[in-house]
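Everything numeric in this text was worked out from a predicted model, so none of it was measured. Numbers restart at 1 for each chain; the letters A, B, ... are given by sequence-line order, proteins then strands.
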Number of protein chains: 4
Amino acid sequence: MFGVYGIPDASSLVVLGMHALQHRGQEACGMASFDGKRFHDEKHMGHVGDAFFGKDLSVTLPGSSAIGHTRYSTAGGSVLRNVQPMFADMAAGGVALAHNGNLTNFLTLREQLVSEGTIFSSTSDSEIILHLIARSRKSRVVDRFIDALSQIEGGYALVALTNKKLIGVRDPLGIRPLVLGQIDGKFVLASETCALEIIGAQFIRDIEHGEMVIISDQGIESRRPFPAAEARPCVFEYVYFARPDSIVNGRSVYEVRKRMGRRLFEESGARDADVVVPVPDSGVPAALGYAQAAGLPFEMGIIRNHYVGRTFIQPTQGARDHGVRMKLSPNRAVLAGKKVVLIDDSIVRGTNSVRVVRMVRDAGAKEVHLRSASPPIMWPDYYGIDMPDREKLLAATHSMAEMVKLLEVDSLGFLTVDGLYWAMDAGARDPIRPQFTDHYFTGDYPTRLMDKEIAEGRNEQVERQLSFLVSA
Amino acid sequence: MFGVYGIPDASSLVVLGMHALQHRGQEACGMASFDGKRFHDEKHMGHVGDAFFGKDLSVTLPGSSAIGHTRYSTAGGSVLRNVQPMFADMAAGGVALAHNGNLTNFLTLREQLVSEGTIFSSTSDSEIILHLIARSRKSRVVDRFIDALSQIEGGYALVALTNKKLIGVRDPLGIRPLVLGQIDGKFVLASETCALEIIGAQFIRDIEHGEMVIISDQGIESRRPFPAAEARPCVFEYVYFARPDSIVNGRSVYEVRKRMGRRLFEESGARDADVVVPVPDSGVPAALGYAQAAGLPFEMGIIRNHYVGRTFIQPTQGARDHGVRMKLSPNRAVLAGKKVVLIDDSIVRGTNSVRVVRMVRDAGAKEVHLRSASPPIMWPDYYGIDMPDREKLLAATHSMAEMVKLLEVDSLGFLTVDGLYWAMDAGARDPIRPQFTDHYFTGDYPTRLMDKEIAEGRNEQVERQLSFLVSA
Amino acid sequence: MFGVYGIPDASSLVVLGMHALQHRGQEACGMASFDGKRFHDEKHMGHVGDAFFGKDLSVTLPGSSAIGHTRYSTAGGSVLRNVQPMFADMAAGGVALAHNGNLTNFLTLREQLVSEGTIFSSTSDSEIILHLIARSRKSRVVDRFIDALSQIEGGYALVALTNKKLIGVRDPLGIRPLVLGQIDGKFVLASETCALEIIGAQFIRDIEHGEMVIISDQGIESRRPFPAAEARPCVFEYVYFARPDSIVNGRSVYEVRKRMGRRLFEESGARDADVVVPVPDSGVPAALGYAQAAGLPFEMGIIRNHYVGRTFIQPTQGARDHGVRMKLSPNRAVLAGKKVVLIDDSIVRGTNSVRVVRMVRDAGAKEVHLRSASPPIMWPDYYGIDMPDREKLLAATHSMAEMVKLLEVDSLGFLTVDGLYWAMDAGARDPIRPQFTDHYFTGDYPTRLMDKEIAEGRNEQVERQLSFLVSA
Amino acid sequence: MFGVYGIPDASSLVVLGMHALQHRGQEACGMASFDGKRFHDEKHMGHVGDAFFGKDLSVTLPGSSAIGHTRYSTAGGSVLRNVQPMFADMAAGGVALAHNGNLTNFLTLREQLVSEGTIFSSTSDSEIILHLIARSRKSRVVDRFIDALSQIEGGYALVALTNKKLIGVRDPLGIRPLVLGQIDGKFVLASETCALEIIGAQFIRDIEHGEMVIISDQGIESRRPFPAAEARPCVFEYVYFARPDSIVNGRSVYEVRKRMGRRLFEESGARDADVVVPVPDSGVPAALGYAQAAGLPFEMGIIRNHYVGRTFIQPTQGARDHGVRMKLSPNRAVLAGKKVVLIDDSIVRGTNSVRVVRMVRDAGAKEVHLRSASPPIMWPDYYGIDMPDREKLLAATHSMAEMVKLLEVDSLGFLTVDGLYWAMDAGARDPIRPQFTDHYFTGDYPTRLMDKEIAEGRNEQVERQLSFLVSA
């Protein structure tokens with residue numbers, strides 16, 4: 001998510017910010033702008049570059065304020081009408097809204113709204129928030145937002161554009177990130193600092209947990225619409241989701257990942273290895289940290305093919321089983337005859353790990369020691385990270401011995417939760433806990449899970465035959 | 001509009017019906033079907049043939065009930081989200097709805113709904129009706145429909161599909177047409193009988209003014225949800241809108257048009273002419289009627305080019321002024337040296353008439369006597385016929401003498417309103433009046449005009465900057 | 001085909017001409033222009049309007065000379081690389097070439113060229129001509145053309161654009177038409193006069209049989225590259241192919257068709273009929289002629305649906321047998337209870353006639369008397385009219401009695417060849433014969449049939465597995 | 001380039017091989033297959049994944065032999081008709097042909113062929129070769145190939161498919177690479193070994209310089225159609241072009257690049273640096289080699305954004321100068337306050353280096369020491385590597401001092417040509433020279449430069465207004 005207020009041709013900056021945030025959502029992208037009179041929007045399936053580069057956005061998305069969003073599909077089907085920003089004409093004026101994360105009382109709210117005669121034109125969480133804003137009895141737009149926010153639960157960050165304001169909100173616990181930047185004296189909002197970097201904006205500060213900022217011609221105003229609470233940002237942003245060059249909640253993602261690798265070696269270093277090889281790209285920083293701590297050579301033993309199409313090949317007679325090799329390729333010169341420590345950022349279902357380990361072995365590795373730079377994932381996420389239900393999580397369903405056998409590795413190691421906190425806190429002996437939400441590892445969910453389907457762990461199955469309508 | 005209930009692969013019949021009704025709307029088309037579990041829809045800009053022919057509709061639009069619509073743009077912008085049928089998930093189940101015609105309290109209702117927190121995803125009249133249905137406090141679907149219908153005003157016919165019913169409604173005065181047909185013992189609804197013909201269905205009867213029919217597995221039920229009123233169907237269906245091979249309200253459109261031509265000759269036949277030439281295609285039947293009455297040869301003195309693209313050419317340096325010739329071409333062999341009676345169905349702005357007359361003269365006609373097979377159009381329509389505001393109607397702003405001069409004709413004649421009624425009533429001396437709505441000629445509107453903009457004749461200008469949103 | 005020389009933005013005129021000539025080829029269309037330095041081309045499947053209207057052709061097809069072509073598929077597959085104009089870079093400069101008609105020594109020439117190492121990039125006749133031009137040892141472009149033309153046989157008209165000339169050629173017998181027009185003192189070439197009409201150009205004269213005209217900055221030059229021969233233009237242009245408003249070889253197509261209808265009545269008028277009904281659109285003029293001669297009312301008893309998509313519907317479970325009704329619809333008010341004389345321009349395979357007759361009967365006609373305004377078609381065409389092999393021609397394989405039975409008509413009549421010549425010659429008692437090529441009726445082919453496949457009547461089957469390559 | 005012979009659904013393997021070779025050409029891609037009777041082809045602009053993944057290739061590209069190509073645009077415009085494989089119907093049967101590299105007598109041959117009446121349908125080198133094959137007077141296909149090959153000059157590898165054979169050829173000096181692999185006992189040809197890896201094929205051997213292999217049902221046959229010569233493969237494959245996991249001419253590209261980095265440190269290591277940072281991705285292996293030799297930490301100080309669209313953004317008012325940041329982003333945590341050794345694979349124009357150095361400085365680096373892992377590029381390439389003319393090569397036009405100033409670096413170093421040979425030869429004291437073609441560094445071109453434009457260094461300007469035709 002990226003938002004700009006008060007800069008001519010705002011959409012030309014927003015598109016750059018979206019491009020820098022492409023890793024946060026690759027399924028679809030959309031933008032909305034306001035030109036002083038009217039809102040404009042444009043949405044596409046696919047990547048920002050394919051959708052928006054090379055176009056004259058000052059024509060299709062004119063105006064000095066704009067927001068953009070890249071869609072990561074956790075809820076709602078893959079159709080254009082689910083792409084954000086969502087827009088609504090309201091009596092008080094138009095509102096365009098985009099959000100990251102997920103609501104945990106989505107189904108409850110939707111059912112209630114439908115029973116009151118609300119018609120949904122998408123299956124996206126964003127539309128819920130828009131309807132709540134539209135139906136508020138408050139007269140001022142900001143009060144309508146606060147009204148709506150008081151009814152939703154979950155982990156989210158949102159940016160919204162009205163005819164006079166750019167609004168940013170982070171959920172009460174600050175689960176999803178949102179940062180404030182400045183360029184030429186004007187404010188911008190972004191999911192990560194790497195998006196400030198691309199437009200040359202200066203990082204000002206994180207939006208705080210439970211904070212609402214209202215940017216207008218009068219400058220920036222900060223509100224606290226929620227009851228006070230301790231912050232618990234999502235630790236998975238550091239493990240996998242955020243870009244390594246971003247500074248999230250005051251910490252360099254790259255440095256945290258390197259410390260995870262360092263600590264991983266200290267906790268469960270493989271004995272007598274020859275070489276440290278990352279599963280690219282997300283395993284690279286931890287592998288560097290591990291290699292530096294271990295005094296072993298770091299080598300690109302696996303090469304990633306970055307030319308990936310938008311559709312995937314059907315396995316046919318002649319081309320079976322080439323799955324992982326479409327993306328990853330063994331570098332035989334580095335692997336053959338070696339005892340390899342293979343570093344991945346995390347292990348979710350384990351299916352990818354099985355294939356990578358086999359590929360490394362096929363390339364001649366003598367031993368493969370797999371290390372996960374994060375603790376075993378035991379519980380699903382409901383706040384915007386796409387994870388399967390519990391029964392599909394490898395670590396939730398297998399013992400260490402079973403995993404070693406299944407993954408066909410010579411040894412296997414995970415970072416501990418203690419180690420994770422140590423890495424987050426730059427090496428402090430006793431880091432404050434729970435300073436983050438770490439429910440994937442501990443089951444300690446930071447919010448209640450209102451929707452019955454979520455509370456019962458049937459998130460995935462239910463996932464979401466919400467609409468009776470299937471559009472061709 | 002076309003609807004089918006209870007026939008396997010209903011959409012393959014609906015697409016044929018839509019094709020036969022293409023003349024009622026050429027901007028866009030859409031279908032919705034119900035397969036017993038889910039609704040399916042598909043919408044396209046452009047013609048039915050380009051959009052749907054050659055596709056396996058049993059895959060994309062499966063099920064034994066389906067409705068389809070061809071869009072004629074009188075209200076709402078030309079964007080896909082305005083294309084019908086509109087669909088809504090409701091607590092009571094899904095509803096797909098399409099309508100012909102226009103509401104005269106559209107803006108009033110929309111403003112009220114928005115003020116209550118309703119979000120619109122289109123600028124189409126249909127969505128108003130859907131919201132009213134969704135917000136009804138009644139529990140049964142039919143009652144919700146009746147609730148909604150009691151709030152709307154105007155001239156319309158609608159077909160709707162629920163998970164158990166196909167519903168058809170004609171407004172209290174029966175302004176827009178709707179007919180009931182039968183094939184293999186199953187019911188179909190269509191705007192005109194020509195759509196029954198194409199699928200080989202039998203014509204049963206017109207849906208009556210103010211009637212609601214509910215077709216289900218239990219057969220057909222008829223309801224009368226409105227206060228009783230005298231019928232006043234739109235006479236312009238006979239003049240121009242309906243296809244000549246349709247039977248509308250019990251009258252052959254072709255025969256009515258021929259009688260208009262006959263009466264036109266009787267009322268204001270051109271003296272001493274050589275040949276009767278229609279402006280094709282809509283002027284053909286009246287020209288035949290005129291020629292037969294006059295004992296003059298009927299000739300195709302103007303050839304119509306039926307290959308028309310979906311976009312129109314920009315006049316450039318080399319190609320200026322070829323406007324009318326893109327569509328019509330003079331047949332010199334018939335026109336040269338002749339005194340021509342040129343028959344058109346009606347004259348609205350007059351711009352087209354000017355060009356056709358000039359083309360006929362350029363082809364060598366010695367005299368041109370223009371005759372309109374309908375009375376002078378003095379007032380705009382608000383019930384679904386696309387007409388400009390009063391100040392752009394030729395007859396509303398020019399005297400006969402001025403028109404003769406402007407159109408560069410040797411003589412000019414219009415059918416009288418009496419003559420029109422005579423033609424409608426197959427020659428009765430004293431036809432009952434007003435048996436139809438004839439407001440374009442008389443200003444006698446059959447309903448009140450609730451929306452201020454309509455009442456004040458500012459329909460076109462307002463026309464309808466309804467949404468703050470412009471989508472690229 | 002349409003060509004313009006010496007008018008700024010020539011392509012904007014060519015596109016209008018192509019639109020007027022759309023009836024001569026509806027499968028694909030292409031244009032080439034020359035801007036003084038370079039050639040430009042653009043080709044599309046489908047209609048001219050869809051392909052080119054609304055575009056700024058001065059950008060994509062700049063220059064003051066241009067040619068255009070609408071493709072009618074008789075030879076070569078339906079792929080873009082077969083669409084004309086074809087272009088070749090030659091040592092002498094570029095040449096863009098388009099043609100109507102067919103070569104009868106196509107396979108012979110192609111085989112010879114391939115054996116000499118020529119690579120074909122299409123399966124179109126035009127490419128043969130281009131290769132012959134390219135391989136000529138003459139140095140001047142016009143001489144190269146003549147060299148090439150001396151090697152080809154068949155019926156054709158062609159227009160070609162070089163960097164300095166617009167060239168038009170009509171085959172030695174003038175089988176296919178080509179006319180010369182003038183606008184603002186500049187010359188244009190067109191297949192029919194209706195294309196001059198649309199741009200407001202003046203008709204100058206027909207290009208003569210065996211004539212080559214060379215239009216350049218020096219004006220127009222006429223050459224006679226072929227041995228002298230008697231003209232034998234294709235009579236089927238009058239029967240069906242040309243537009244009624246065109247003047248072909250000095251005769252109004254509309255008037256000729258009307259005379260065919262008049263003579264048809266005289267030769268084999270149906271006794272005691274009520275009404276004359278054309279199969280629209282091509283049967284209209286003959287039906288008018290018949291009705292005027294017979295003193296019977298002419299009525300539009302069949303309505304044609306002009307909204308036809310570019311693909312055709314698949315017959316499915318629910319939609320079987322609606323074939324003909326997609327295009328034609330019965331006008332019951334005119335047909336019910338009547339003795340109908342049904343006039344069609346010609347009968348080829350008879351399948352369409354069977355369906356139309358049945359439709360008219362189903363609409364309640366008491367009797368159906370089918371009349372063909374041309375003689376029985378007994379032989380296939382090899383000069384650019386798409387006709388099946390002999391065994392599929394109804395009249396070649398059935399006696400009159402068999403046809404009456406098969407077509408389910410009360411009576412059947414064809415124009416005689418004598419009658420056809422009478423109509424062509426405006427009623428002269430003894431028209432000169434053979435003044436036209438009439439081989440479809442007589443088997444008297446005006447040229448030798450060089451290709452063995454053609455000579456043996458296996459045109460259709462061979463038709464044309466020419467390329468080893470199938471492109472997706 | 002990738003070719004498969006004798007494996008059912010060969011195209012499903014070819015598409016994988018093309019995907020692995022995507023880095024060799026990203027502009028367009030094409031495939032041709034032979035199904036025993038006919039050839040099939042399909043071509044697209046853009047990447048293999050977007051073009052071919054997710055399609056059922058057994059339908060569109062059936063058969064047990066197939067070849068594929070990814071286009072890298074050095075010659076010929078970016079239009080579909082230039083995309084390979086090129087196909088020709090010949091008297092001897094069809095031939096599909098694809099090649100890498102460039103001919104140095106392209107213009108000479110083309111001019112000669114055109115003067116003999118050959119028509120070109122593209123501006124690609126491949127078509128020249130096809131025409132030479134088609135025009136050969138030899139009767140056997142292999143002899144026709146040899147005939148054609150004897151006329152062309154330059155650096156190239158080619159694969160061709162006939163109805164009975166898969167043919168692979170490497171130019172007399174082996175400038176461009178080509179390897180032979182085997183899977184399930186069947187042969188495959190590929191530009192690099194990484195393409196064998198993806199389908200699980202075994203590497204057999206390099207095709208040798210000047211070798212022609214003919215794969216058929218009879219197995220594999222090797223021919224030597226050229227006069228004997230010493231091999232001089234392109235050293236730039238190791239510097240930049242080939243993938244690091246490939247084995248080219250018996251050497252691991254990754255290992256060679258690491259040795260380049262090691263030697264670069266030894267020859268011109270920066271004193272007193274803190275950290276070694278690669279310009280990703282191509283600089284990574286050399287940076288690892290440098291860091292290991294220097295005992296300095298290797299860090300990902302620059303993050304590459306791999307989501308790049310197919311079109312590039314236009315710099316507008318609001319978004320100027322973000323060029324390099326679209327692709328590369330600084331990792332401040334690693335760079336701030338550091339003395340950075342920045343390693344790139346090579347420096348061509350220098351424009352990218354200027355931007356990267358500035359970006360690293362802006363991120364807070366205290367010193368920036370730029371090192372190129374290859375010698376200064378002084379001369380353009382004419383064998384298939386896209387390089388500008390001499391006057392645009394930084395090192396050819398600037399002294400060391402000027403470059404240091406222009407690039408704004410604290411120090412600058414290049415690998416020596418000696419060092420390059422040392423790295424290629426795994427550290428031998430006196431490597432044989434010239435064992436490779438190294439003309440970019442030395443000006444020692446391995447072939448004569450036949451085309452005058454090339455010989456005179458006007459390659460780029462001439463580049464290639466070959467066709468008079470511009471297609472929209």
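- Looking only at side-chain heavy atoms (C-beta outward), C:Ile129 and C:Leu103 come within less than 4.5 Å of each other.
- Between C:Lys55 and C:Glu42, at least one side-chain nitrogen of the basic residue sits less than 4.0 Å from a carboxylate oxygen of the acidic one, meeting the salt-bridge criterion.
- Salt-bridge annotation for D:Asp89 and C:Arg110: present, with a side-chain N of the basic residue lying under 4.0 Å from a carboxylate O of the acidic one.
- Both the backbone and the side chain of C:Leu130 come within contact range of chain D, judged by heavy atoms closer than 4.5 Å.
- Each of D:Phe39, D:Tyr5, D:Phe87 was checked for a ring-ring contact (aromatic ring centres under 6.0 Å, His included) with D:Phe34, and the lone residue meeting it is D:Phe39.
- With a threshold of 4.5 angstrom between heavy atoms, C:Thr118 approaches chain D through N, CA, C or O but not through any side-chain atom.
- Of the listed residues (D:Met86, D:Glu116, D:Arg135), the one with the most heavy-atom contacts under 4.5 Å to chain C is D:Arg135.
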